[in-house]
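Data first, discussion second: the structure below is written as C-alpha cells.
Just so we're on the same page: letters track the sequence lines, and every chain starts at 1.
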Protein chains: 2
Amino acid sequence: MPSRRYHHGDLRRAVLDAAVEVITEAGPAGVSLRELARRAGVSHAGPIHHFGDKAGVLTALAAEGYDLLAGSLTEVRDRTGEFVEVGVAYVRFAIAHRAHFEVMFRPDLYHADDPAVVAASTRASEVLTGGVATVADRTGDADLAVAGVAAWSIVHGFATLCLTGALSPRFADDPETTARAVAGMLFRRR
Amino acid sequence: MPSRRYHHGDLRRAVLDAAVEVITEAGPAGVSLRELARRAGVSHAGPIHHFGDKAGVLTALAAEGYDLLAGSLTEVRDRTGEFVEVGVAYVRFAIAHRAHFEVMFRPDLYHADDPAVVAASTRASEVLTGGVATVADRTGDADLAVAGVAAWSIVHGFATLCLTGALSPRFADDPETTARAVAGMLFRRR
DNA sequence: CCGGCAATCTTGTCAGTGTCAAGTTGACGT
DNA sequence: ACGTCAACTTGACACTGACAAGATTGCCGG
C-alpha cells in the first residue's frame, strides 16, 4: 500500500477537510498550515501550492461556506415557500457547518475581496434580504430593504449567540425550535 | 527624560490599549504579545507577568468590554426608559468599541470561564433580555424569554453584520439610524 | 537609614509557525 | 524518448508564545 505517494490525489480537499476538523476542535485560532499538512499526510509546505498562503485556505473555506449556505437557503425557499423557514435554515446551517460559519464572518482571517467569496456571499444575502417581500411586515408599512436587514440580523444574531454559547441551555439545546419562535416574532406568513 | 524607566508605571493598561490599537488595525488575528510589548515600550516578556499568557490579555479585554457594555446599556435604560434605545446603544457600543466587541464574541481566543468575564457578560445580557418586559410585544402573547432572545439576537446580529462589512453602504453608513429602524420592527414602546 | 523582600521587568532560550527559494518526483503530450 | 510542467519535498529564515533565570526597583519593618 503506497501510504505516501508523491502525488496526493486531492490535496486541496484533504486540506479543507482537515481545516474543518481543526476548527471544530479548537476554533479558527487553532488552525496552522503545518498541522493541516500533517493531517493530510503531506509535507509542511504542500498546501501552499494549492492555496498560496494560510489566508488562502480560509478564503476557500469561506467561499465554500457561502456557497453551501446560498444553496441551502434557496432550496428551502423553493421547497417550503415560507420565509420563516429560510431563517431557520440559516441557523441550521450555522450549527451544522459551524467551522465554515465561524470563518465566513471573520474577514480578518481571509482574503475577503476574493471574487468567489463576494459572489457567493452576495448570492446568499440576496436570498435572505430579498425573500422579505414574500411575507407581510406586521405593521404593513415598513421599508422592505430595512425589513431585509432586520431579517438577516435576527437570524444571524441568533446563530452567532448560539455558537458562542451565550444563550441559556433552555434555548441552546433546541436551537431550531427557538429560531423558529424568534424569527416568527419578526415575520409571519400571510 | 527617562524614556525607558525600569518600572513602566501602568503596563497593564498600556498593553490593553496597545491591543485595542492592533485589533483596530488588523483584527484580533493580528495580535501578538511581542508587538504589544513593543508598543508599550517594554521587553517581549513584560506583559506575561500581568496577564499570564496571550489569552489572558484578551480575557482582560473581553471582561473590560462586557463591563463597558453593561454600564452603557444600563445608563441608557435608566436615562431614556425606552427599550429600543437600549438596543441602539448595543449597536453604538459595538462600533465605538469595535476592538473589545470583536474579542468578546470569540470565546476561542480567551479564557471564557474567567469569573470576571462571566459576571460582566451576565450583567450585560440581563439588561437586554430583561428589559423586554418593559415593552409590548406586538402580538401581545409571546413568551417573554423568547422575546428577550429575539431582542438580543437582532441587535447583536445587526452589530456583527455592520462590523464584518456585510451590509450595503446605504445602511452601514448611518448604522445608528438603521439600528433604530431595525429594532423598531421588533418592538415599539407602549 | 538601611537591609531584605516581593513585585516588576529583562534576557536568553526553545519548540512551533508562516513563507519563500530551490530541488525532486512523476504524469502527460508529442 | 524527451521535454515540460504541475505537484510535492527539503531547507532555511524571521517571527511567535511560553518558560526559566536573572536584574532592577519600590517599599516596608526595624
Original post:
Should the ring pair B:H97 and B:F93 be called parallel, tilted or perpendicular, given that the plane angle runs from 0 to 90° and is split at 30 and 60?
Top reply: parallel
Original post:
Angle class for the A:F101/A:H156 ring planes (parallel below 30°, perpendicular above 60°, tilted otherwise)?
Top reply: tilted
**OP:** Could you tell me which residues satisfy salt bridge (charged side-chain N to carboxylate O under 4.0 Å, His left out) with A:R123, sequence neighbours excluded, listed by chain and number?
**Re:** A:D67
Original post:
Which residues pass the salt bridge (charged side-chain N to carboxylate O under 4.0 Å, His left out) test with A:D10, sequence neighbours left out?
Top reply: none
**OP:** Test A:F51 against every option in A:L33, A:L61, A:V57 by the side-chain contact (heavy atoms from CB on, under 4.5 Å) rule and name the one that passes.
**Re:** A:V57
Original post:
A:S153 and side-chain contact (heavy atoms from CB on, under 4.5 Å): which partner among B:V91, B:T160, B:I154?
Top reply: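 When B:V91, B:T160, B:I154 are each tested with A:S153, the side-chain contact (heavy atoms from CB on, under 4.5 Å) holds only for B:I154.
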Can you tell me the distance, in whole Å, between the [atom1] atom of [X] and the [atom2] atom of [N]?
X	N	atom1	atom2	answer
A:R12	D:dA6	CZ	C1'	15 Å
B:D53	D:dA18	CG	P	5 Å
B:L36	C:dC9	CG	C1'	16 Å
B:H50	C:dC9	NE2	C1'	8 Å
B:D10	C:dC9	CG	P	9 Å
A:R13	D:dA7	CZ	P	16 Å
A:I48	D:dT10	CD1	C1'	13 Å

Check the interface with nucleotides 14-17 of chain C: list each N/O to N/O pair with the protein under 3.5 Å, or write none.
unit_1: C:dT17; atom_1: OP2; unit_2: A:R38; atom_2: NH2; d: 2.8

Subject >> Pairwise distance CZ(B:R39) to CD(B:E35) - rounded to 0.5 angstrom >> reply: 4.5 Å
Original post:
Atom OG of B:S72 and atom CZ of B:R77: how far apart are they, to the nearest 0.5 Å?
Top reply: 12.0 Å
Subject >> Pair A:D108 + B:R98: basic N to acidic O under 4.0 Å >> reply: no
Original post:
Under the side chain to side chain donor-acceptor pair (under 3.5 Å) test, which residues partner A:T177, sequence neighbours left out?
Top reply: A:D174
Subject >> Residues within residues 106-116 of chain A bordering DNA chain D, heavy-atom distance below 4.0 Å >> reply: none
Subject >> Heavy-atom side-chain contact between B:E64 and B:L16 under 4.5 Å >> reply: yes
Original post:
Can you find a side chain N or O atom of B:H49 that sits less than 4.0 Å from OP1 or OP2 on C:dT8?
Top reply: yes
**OP:** Give me the residues of residues 55-65 of chain B where at least one heavy atom lies under 4.0 Å from an atom of DNA chain C, by number, or none.
**Re:** none
